[in-house]
Amino acid sequence: MNNTDKIRVRFAPSPTGNLHIGGVRTAIFNWLFAKANNGTFILRIEDTDQNRYDKDSEDSIISSLNWLGIKWDEGPIRQSEKQEDYIKVAKELIDAGWAYYDDTTSEELEELRKQQIREKRPPRYDNRGRYKEITHEQYNANNSTLNPIVIRFKVPDSGAKPFYDEIRGNVSFDLKEIDDFVILKSDGMPTYHLAHVVDDHEMKISHIIRGEEWISSTPRHVLIHDALDWNLPKYVHVPLILGKDKSKLSKRHGAESALEYKEKGYLPEALLNFLALLGWSPGDNKEIMNLSEIIEKFTIKRILGHPAVFDPEKLEWMNGSYIRNLNDEELSKYILNEINKDIKSGGLLSDSVDSNILISKISSITPLIKERLKTFSESSYLVEYFFYDNFKIEKEKLLPKKVESFQIIEGLKKLIELIIKIEEFEPENLEVQFRKLAEDLNLKAGQLFFPIRIALTGRKESPPLFDTMKVIGRESSIKRLDNAINILN
RNA sequence: GCCCCGUUGGUGUAGUGGCCUAACACGCCUGCCUUUCACGCAGGAGAUCACCGGUUCAAAUCCGGUACGGGGUACCA
């Protein structure tokens with residue numbers, strides 16, 4: 001009875017907060033499925049809750065998707081703009097005997113719930129509104145904040161409502177477990193249950209790919225479809241993403257919104273690749289995949305039915321791997337961007353460096369820090385010492401074990417002479433000469449190299465010594481060595 | 001409480017009845033490389049496939065129960 005075989009899917013977040021990692025993963029699955037099947041991906045904003053609505057979060061959703069390169073073919077469609085559609089369907093349902101008006105107050109509901117809990121019965125609406133027989137006219141005349149009236153769906157008292165989930169197979173719920181649920185709130189807005197069913201039907205959605213938290217309300221959705229005599233879409237309930245302690249992913253587990261990962265210096269390709277592998281796998285051993293590979297391999301059948309724990313360390317590793325695959329020009333731009341961000345916020349390098357010098361320096365530093373970078377937020381730290389000639393160094397740091405201070409001083413002095421004299425200021429050349437010098441001074445290479453590294457960088461770890469020296473330059477290298485001699489004296 | 005879904009090393013996954021003496025990746029450890037760090041390379045530790053029972057000549061794989069985890073139980077999505 002399907003009117004079309006065309007694949008149409010949607011991502012339908014509600015604008016009530018940041019788009020978190022779990023939501024992003026759901027968006028990715030929808031989008032990949034559409035891409036893999038030449039289908040249509042639709043963005044729909046489910047903003048029917050006026051109380052929780054937050055304009056900023058809609059922007060956050062959109063910029064998150066943009067950042068990740070997830071483009072929608074239709075939308076964004078906002079449910080708040082189509083209120084009449086839902087009201088119309090809700091009234092149809094009333095006329096057909098599938099729904100009714102109910103003016104039970106929240107106080108009454110609360111009282112009912114308390115009583116049920118007291119009697120150790122499952123808390124559930126008792127369907128009392130069915131017998132009130134409120135008419136359209138009475139509703140129109142009386143519904144107000146003082147006398148709120150909702151529309152509820154009339155759920156059959158017995159029987160079962162099985163449905164087929166593409167990941168889990170047949171799932172069945174007893175209808176006696178389900179009470180008459182609200183489909184139109186007293187403010188005239190639909191609940192999720194009604195709104196999404198109407199929209200998915202209007203938009204001819206073929207597959208509903210959504211989080212597992214929806215699985216237990218699916219029978220209601222099937223019920224509405226049946227009452228309206230609409231075709232059922234295919235249901236695909238994807239597992240949730242959990243934090244390290246197996247609880248629902250939250251702020252406690254590190255960054256949780258997609259945009260925070262952008263801020264922290266992750267590459268969107270890496271995040272996407274990583275998230276695609278949470279709850280899905282292509283079945284081969286390949287993990288680092290470009291977009292077209294992922295699309296090519298993506299099938300719903302290979303989505304798992306159990307939740308995955310989010311592992312930030314593995315994401316970091318994957319990001320580093322993507323960074324190493326960038327070419328130097330691209331990487332340079334990312335690093336520069338990060339540095340500029342830091343300068344603006346008054347962080348590292350805020351002593352203002354001429355922007356032309358900054359650009360050329362960063363591009364020569366880039367190859368040196370490339371395989372030391374896991375996220376761009378580390379850029380400033382890794383790059384910092386290339387820009388300053390004077391930094392505080394503790395005397396002890398300059399002295400390796402079993403070497404006397406005067407030996408180092410002598411070594412550094414000779415080094416300076418050597419640097420002044422040397423014709424080609426190139427890493428290979430420098431290394432050969434330095435090794436010879438160490439020998440002449442009766443020092444092991446390491447004994448001499450160690451203080452040089454400290455003198456040049458202020459740190460005990462850095463990129464290869466002579467490459468670093470080359471980027472620092474002849475003049476600055478001399479200054480720094482000189483500085484170290486002064487500290488030792 | 002009740003309902004639904006799930007359960008392979010610490011984590012993500014592979015495995016769909018014999019090839020499993022359980023594979024790959026992250027993480028961890030050791031060594032090599034680099035006289036530093038990282039990258040890379042070579043190794044290693046780590047899983048009685050949640051448990052119990054059944055089906056079968058044969059089970060991580062099929063069935064049932066138990067335990068544990070997750071989700072739901074709103075005029076939220």
Side-chain angles (χ1 to χ4, degrees), chain A residues 12-17 46-49 51-52 79 102 104-106 109-110 113 116-117 120-125 148-152 165 167-169 171-174 176-179 181-193 195-196 210-219 237 239-242 244 246-248 274 277-288 302 304-318 320-321 324 368-374 382 435 438 444-450 452-454 457 459-465 468:
Chain A
S14 65
T16 52
E46 310 227 320
D47 56 352
T48 53
D49 187 340
N51 300 321
R52 296 201 307 153
Q79 291 183 325
D102 179 30
T104 310
T105 63
S106 47
L109 255 16
E110 185 54 34
R113 205 167 297 133
Q116 286 165 327
I117 290 167
K120 297 207 181 338
R121 286 185 300 153
R124 245 191 306 264
Y125 177 65
I149 304 175
V150 300
I151 298 179
R152 285 181 186 269
D165 181 89
I167 293 172
R168 294 149 225 272
V171 179
S172 186
F173 286 80
D174 243 317
K176 65 174 193 296
E177 303 290 341
I178 303 169
D179 55 11
F181 54 97
V182 174
I183 56 176
L184 198 80
K185 299 182 257 187
S186 56
D187 65 1
M189 278 294 187
T191 58
Y192 171 83
H193 304 304
H196 95 275
R210 73 210 324 182
E212 185 184 10
E213 70 266 30
W214 293 112
I215 200 158
S216 50
S217 46
T218 304
H237 289 101
L240 266 20
I241 298 177
L242 308 179
K244 206 142 203 119
K246 305 235 172 175
S247 69
K248 219 170 171 179
F274 178 76
L277 257 14
L278 245 39
W280 173 79
S281 94
D284 52 31
N285 279 333
K286 201 149 178 232
E287 294 205 305
I288 305 271
R302 295 202 60 93
L304 277 333
H306 61 89
V309 172
F310 180 82
D311 180 4
E313 282 183 293
K314 186 160 183 177
L315 205 212
E316 222 181 40
W317 161 78
M318 194 172 271
S321 166
R324 275 172 253 131
L368 300 187
I369 64 168
K370 192 172 190 171
E371 61 262 334
R372 275 155 258 260
L373 214 47
K374 288 207 205 68
L382 288 176
R435 281 182 190 281
K444 284 190 211 151
Q447 291 176 315
L448 184 58
F449 286 19
F450 186 75
I452 303 174
R453 167 167 286 116
I454 301 287
T457 67
R459 299 189 187 162
K460 54 188 190 313
E461 71 286 324
S462 80
L465 190 53
T468 305

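Keep in mind it's a predicted model, so treat the numbers as computed, not measured. Proteins come first, then strands; the chains are lettered A, B, ... in the order of their sequence lines, and each starts at number 1.
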Partner residues of Lys185(A) under the salt bridge (charged side-chain N to carboxylate O under 4.0 Å, His left out) criterion, sequence neighbours left out:
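Here no residue qualifies.
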Would you call Tyr125(A) and Gln116(A) a side-chain contact if the rule is heavy atoms closer than 4.5 Å?
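No. Closest side-chain heavy atoms not under 4.5 Å.
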State the pairing partner of [N]; accept Watson-Crick or G-U wobble contacts with both distances under 3.5 Å, and report none otherwise.
{"N": "G69(B)", "result": "C5(B)"}
{"N": "C75(B)", "result": "none"}
{"N": "G64(B)", "result": "C52(B)"}
{"N": "C57(B)", "result": "G18(B)"}
{"N": "C41(B)", "result": "G31(B)"}

Base, sugar-phosphate, or nothing: which does [X] touch, judged by heavy atoms less than 4.0 Å apart?
{"X": "Arg453(A)", "result": "base"}
{"X": "Arg324(A)", "result": "sugar-phosphate"}
{"X": "Arg210(A)", "result": "nothing"}
{"X": "Pro239(A)", "result": "nothing"}

Report yes if a donor N or O on one partner sits less than 3.5 Å from an acceptor N or O on the other, where the partners are the side chain of Arg168(A) and the base of C5(B); otherwise report no.
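There is none.
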Could you pull out all residues at least two apart from Ser216(A) that satisfy side chain to side chain donor-acceptor pair (under 3.5 Å)?
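So Ser216(A) forms no side chain to side chain donor-acceptor pair (under 3.5 Å) with any residue.
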Between Arg324(A) and Lys370(A), which heavy-atom pair has the shortest distance, and what is it?
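Taking Arg324(A) first and Lys370(A) second, the nearest heavy atoms are O-CE, 3.3 Å.
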Over all atoms of both residues, closest heavy-atom pair of Pro190(A) and Thr48(A):
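Nearest heavy atoms, Pro190(A) then Thr48(A): O-CB, 3.5 Å.
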I'd like the [atom1] distance from [M] over to [N], given in whole Å.
{"N": "C5(B)", "M": "G9(B)", "atom1": "P", "answer": "23 Å"}
{"N": "A14(B)", "M": "A50(B)", "atom1": "P", "answer": "15 Å"}
{"N": "C62(B)", "M": "C49(B)", "atom1": "P", "answer": "15 Å"}
{"N": "G10(B)", "M": "G27(B)", "atom1": "C1'", "answer": "8 Å"}
{"N": "U8(B)", "M": "A25(B)", "atom1": "C1'", "answer": "15 Å"}
{"N": "G69(B)", "M": "A74(B)", "atom1": "P", "answer": "23 Å"}
{"N": "G17(B)", "M": "C33(B)", "atom1": "P", "answer": "48 Å"}
{"N": "U66(B)", "M": "C26(B)", "atom1": "P", "answer": "40 Å"}

Tell me: CE of Met318(A) to P of C39(B), nearest whole Å?
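These atoms are roughly 15 Å apart.
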Polar side-chain atom of Ser14(A) near backbone of Glu46(A) as donor-acceptor pair, under 3.5 Å:
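Between the backbone of Glu46(A) and the side chain of Ser14(A) there is no qualifying donor-acceptor contact (under 3.5 Å).
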Indicate yes or no for a side-chain donor-acceptor contact from Arg168(A) to the backbone of His237(A) under 3.5 Å, with no hydrogens or angles considered.
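Checking the backbone N and O of His237(A) against the side chain of Arg168(A), a donor-acceptor pair under 3.5 Å is found.
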Just the atom pairs and distances: protein N or O near nucleotides 74-77 of chain B's N or O, under 3.5 Å.
from	atom 1	to	atom 2	distance (Å)
C75(B)	O2	Ser186(A)	N	2.9
C75(B)	O2	Ser186(A)	OG	2.7
C75(B)	N3	Ser186(A)	OG	3.1
C76(B)	OP2	Lys185(A)	NZ	3.0
C76(B)	O2'	Asp49(A)	OD2	2.9
C76(B)	O2'	Arg52(A)	NE	3.2
C76(B)	O2'	Arg52(A)	NH2	2.8
C76(B)	O2	Arg52(A)	NH2	3.4
A77(B)	OP1	Thr48(A)	OG1	2.9
A77(B)	OP1	Lys185(A)	NZ	2.6
A77(B)	OP2	Tyr192(A)	N	3.1
A77(B)	O3'	Glu46(A)	OE1	3.1
A77(B)	O2'	Ser14(A)	OG	2.8

If the condition is ring pair (Phe, Tyr, Trp, His ring centres under 6.0 Å), which residues does Phe450(A) pass it with, not counting sequence neighbours?
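If we apply the ring pair (Phe, Tyr, Trp, His ring centres under 6.0 Å) test to Phe450(A), skipping adjacent residues, there are no hits.
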With sequence neighbours excluded, residues passing ring pair (Phe, Tyr, Trp, His ring centres under 6.0 Å) with Trp214(A):
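With neighbours one apart ignored, the set is Tyr192(A).
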Indicate for each nucleotide in nucleotides 9-25 of chain B, in 5' to 3' sequence, whether protein heavy atoms under 4.0 Å reach the base (B), only the sugar-phosphate (S), or nothing (-).
--SBSSS--------SB
Should Lys286(A) and Asp284(A) count as an ion pair when the cut-off is N to O under 4.0 Å?
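No.
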Nearest nucleotide by nearest heavy atom, which residue falls closer to the 5' end of RNA chain B, Pro122(A) or Phe173(A)?
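With Phe173(A) and Pro122(A) compared, the 5'-side residue is Pro122(A).
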